[in-house]
Amino acid sequence: MSAFAARQQLWGAPSPVAKTPVNENPTPAPKDSTPTQHPTSTVKGVIQFLHRLFFPQCTHDTYASGSIDILSCANCWHSLGTLITPVVRERQPQYSSLKPHKKNYQQKPDGCVTLRTPDGERLVILGSYGIRVHQGEATIAGAQLTPLDPVQWVHAPHCHALPVLRTSEDTVVELHPHPAADGLRQLAKLNPAFGKLWNEVPTQGVPSRKDSTFQIVYVPKKVALQELVSPPEWNKKLASLIATKRKGASSPIFFLCGPKSSGKSTFGKLLANRLITDRAGNKNAPWSPIYILDIDPGQPEFGPPGVISLVKLTSPNLQPPFCHPTLEPVTSMIRSHAIAAVTPALDPEHFIECVMDLFTTYQTQTHPGEEKKPPMVVNTPGWIQGLGLDILSDLVKGIKPTEVVYMSTEGPEETISGLQAAISFIPTTAFSTLPSQNTTEILSPSRIPSSLRTMQAMSYFHLLPSLSTWNSTPLSHVPPWRVRYTGPDRGFRGILCYDYQPSPRILAEAINGMVLALVKISNLAALRGLDNIIEAGSGKIPLIDNPMGKSLDPKFSELVGLVLVRGVDERRGELQLLTPVGMGGVEKGEGRLVLVMGKFDTPSWCYSEGLVPWIQRLHGSQNRGAGGKVWRVRRDLGRS
């Protein structure tokens, strides 16, 4: 009997309301009469019917034996398990395989947790924590950890894919509370975007502390979580690139490009962590540093939005971007430039100049005298068509990477052919494609790229670099820098506007409450001949006249940091600035500082932090001009 016929027979059978007597010798029905219904009125009939419905090919003689237990058929039970198991896993995903008990899970009074995994386990951990391997080996987000390595600090909020901690056999791992976790969580008081990102209510049966900064996830109850997944094609390519690093005679440079949300940043993080922790078969060898050319101004990994940078990494990157919005100057943040926009479209030529200056810095100023430099990973914007393709092609021709990895196997065809044409004149450059990451499941639709940029900018301005933590005080209550802009001892040369220069008489209003870039120039040639300084407005703010929209020459300038203009005091001739940059970075400017105004995202997030001077709360029609009052809707129009 086919499955379709069985279903039709089941639907046509009457519901067994009451048990009816059965005639032992029924009279044969006429040929033109209705067929006899299936005997579903008994438990045996139901089981036999389901057995035939689900397993029509089964040869087990359950009817002849009189068995009514489907479990007696081993073949059918195995098939039934294969059908039901995927559905169950989809409804209740089991993230961590470790089953905690007294022998493998020990929690200390200070919050540290010791895990023993004799058989090797996988752990998905939500929150902020440190990892220390005491015995065996463990991997997380591409990084390979051994007992020789120090504690590695992790921030794992659920708005990003959670890294999976995998341990080998006979491994002992210690998890530490994160010392900076509380400061980062306190930002939720200022902006709801930072709320509900961390530990859930502990899973029943799992030991935990109320003040713990992390939680091992088994089956989430309130929110969907996504693991950091590396497809098989990615793993194969990672192994290939690691082999290229080991046997290559020159410094390997890996150029990552592809469409938006294709996984460039994720693959780049996995690759960077693998390159840093790869010991080339020598377990006692130290980690080796690498360099990151972070040139996506819209979603930078190691800087605030609107900034591109050259970064040196000596330890794995196990945090999302908003958890490290800046790095230690000189030792980690080698050099950076302000694009002053979240896309290269503001000034493509200036963007290419900045990227090539960072690449020149990598070639000339990192590890001088060494023939083979550490590897470098280039993370590019997701603009891959039209002018974006032209920018990528020019960068490939200028950098001449070891391999160009395009993060999509679905085109567009013109982009792939354009990149292949760009490397056709570079015999040492290889080209490969990888499938994009799976984006079918959207975990946090409220945290779109613009929301993540807001979180990163807010994290940047609330960061305390000296303490490696965050200050949750509203920016309106933070004492600003008072920088003079008049007189011979003024703090900066002038304000330079990229792309568009507002009228000088409204310059104070244009910069008040906005984000500007503080740039240090090493030579007046950085101004490209912009020598005319205008005293703008009644406050006589120095404005570097730039009617043609020129940009600073990146060869003779570099970014010190971003500043937020809290106020303009025209009576005293001062600007009130907020910035996480230390005094040391400003003092090195030697008086040659320029404030750059561009198209940074409007910092609307800071206007609602407490009582800021830029906000005026209006109640009803208070202080509203003509046409600005609250309108009332008339619902009686058209009535007779």
Side-chain angles (χ1 to χ4, degrees), residues 141-143 161 228-248 250-276 278 290-296 298-302 308 310-311 313 317 344 355 358-359 362 373-385 388-439:
L228 180 60
V229 178
S230 178
E233 296 86 354
W234 288 21
N235 294 332
K236 185 177 179 180
K237 175 55 65 174
L238 289 172
S240 173
L241 298 180
I242 295 297
T244 301
K245 171 208 170 185
R246 292 181 178 180
K247 65 182 181 181
S250 59
S251 305
I253 301 175
F254 306 115
F255 191 92
L256 309 181
C257 56
K260 296 180 180 179
S261 302
S262 59
K264 298 185 300 297
S265 299
T266 302
F267 183 80
K269 182 180 294 186
L270 295 175
L271 175 60
N273 293 343
R274 286 283 296 271
L275 291 171
I276 292 173
D278 177 58
I290 70 165
Y291 289 86
I292 304 293
L293 192 54
D294 191 13
I295 59 174
D296 185 357
Q299 294 181 335
E301 180 69 31
F302 298 102
I308 63 174
L310 175 65
V311 174
L313 291 184
N317 176 19
V355 174
L358 297 177
F359 177 65
Y362 165 75
K373 297 183 180 297
M376 183 173 71
V377 179
V378 184
N379 185 29
T380 61
W383 191 15
I384 60 170
Q385 292 181 303
L389 176 59
D390 295 337
I391 294 176
L392 291 178
S393 300
D394 290 343
L395 294 180
V396 168
K397 294 176 183 177
I399 296 176
K400 297 180 177 60
T402 307
E403 184 166 347
V404 176
V405 181
Y406 185 73
M407 301 297 299
S408 177
T409 57
E410 300 178 356
E413 183 61 32
E414 63 171 297
T415 301
I416 296 179
S417 59
L419 292 173
Q420 291 175 337
I423 68 175
S424 60
F425 302 100
I426 311 174
T428 58
T429 299
F431 182 82
S432 60
T433 60
L434 287 177
S436 301
Q437 65 180 357
N438 185 10
T439 58

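Hydrogens, waters and symmetry mates are skipped; everything else that's a heavy atom, side chains included, is used.
At least one donor-acceptor pair closer than 3.5 Å links the side chain of T244 to the backbone N or O of S240. In this structure, Y291 contributes its side chain and V378 its backbone to no donor-acceptor pair below 3.5 Å. Under a 3.5 Å cut-off, the side chain of N317 and the backbone N or O of N273 do not form any donor-acceptor pair. A distance-only check finds a donor-acceptor pair linking the side chain of S436 to the backbone of M407 [under 3.5 Å]. Checking side-chain atoms of T429 against main-chain N and O of I423 turns up no donor-acceptor pair under 3.5 Å.
Partners of E403 by side-chain hydrogen bond (donor to acceptor under 3.5 Å, both in side chains), not counting sequence neighbours, listed by chain and number: K237, S432.
A heavy-atom distance below 4.5 Å is found between the side chains of F359 and M376.
No side-chain N or O of N379 forms a donor-acceptor pair with one of E301 less than 3.5 Å apart.
The environment of Q420 atom CD is dense: over 12 non-hydrogen atoms of other residues, nucleotides or ligands sit within 6.0 angstrom. No more than 12 heavy-atom neighbours from other residues, nucleotides or ligands sit within 6.0 angstrom of NZ on K260.
Taking OH of Y362 as the start and CD1 of I292 as the end, the distance is 10.5 Å to the nearest 0.5 Å. Annotation: the span from I276 atom CD1 to D278 atom CG amounts to 11.0 Å, rounded to 0.5 Å. Atom CG of residue L256 and atom CG of residue L434 lie 9.0 Å apart, to the nearest 0.5 angstrom. The CG atom of L228 sits 5.5 Å away from the CG atom of L270 when rounded to the nearest 0.5 Å. Interatomic distance, CD1 of I290 versus CZ of R274, reported as 12.5 Å (0.5 Å rounding). Atoms CD1 and SG, on I416 and C257 in that order, are 9.5 Å from each other to the nearest 0.5 Å.
Nearest heavy atom pair, residue L358 against residue L310, reads O-CD2, 3.6 Å. Residues I384 and P259 share a closest heavy-atom pair of CD1-CG, 3.7 Å. Of all non-hydrogen atoms in P300 and G298, the two that sit nearest each other are CD-C, 3.5 Å. The two residues P412 and Y406 make their nearest non-hydrogen contact at CD-OH, 3.5 Å. Heavy atoms only, all atoms of each residue included: F302 and D294 are closest at N-OD2, 3.0 Å.
The one candidate from T380, V405, V377 that meets the side-chain contact (heavy atoms from CB on, under 4.5 Å) condition with F255 is T380.
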Using distance only, find each side-chain donor-acceptor pair of residues 388-402 under 3.5 Å and give its atom names and separation, not counting sequence neighbours.
unit_1 : atom_1 : unit_2 : atom_2 : d
S393   : OG     : L389   : O      : 2.9
K400   : NZ     : K397   : O      : 3.0
T402   : OG1    : I253   : N      : 2.9

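In this structure, W234 and F267 have perpendicular ring planes: the angle between them is above 60°, well past the 30° mark.
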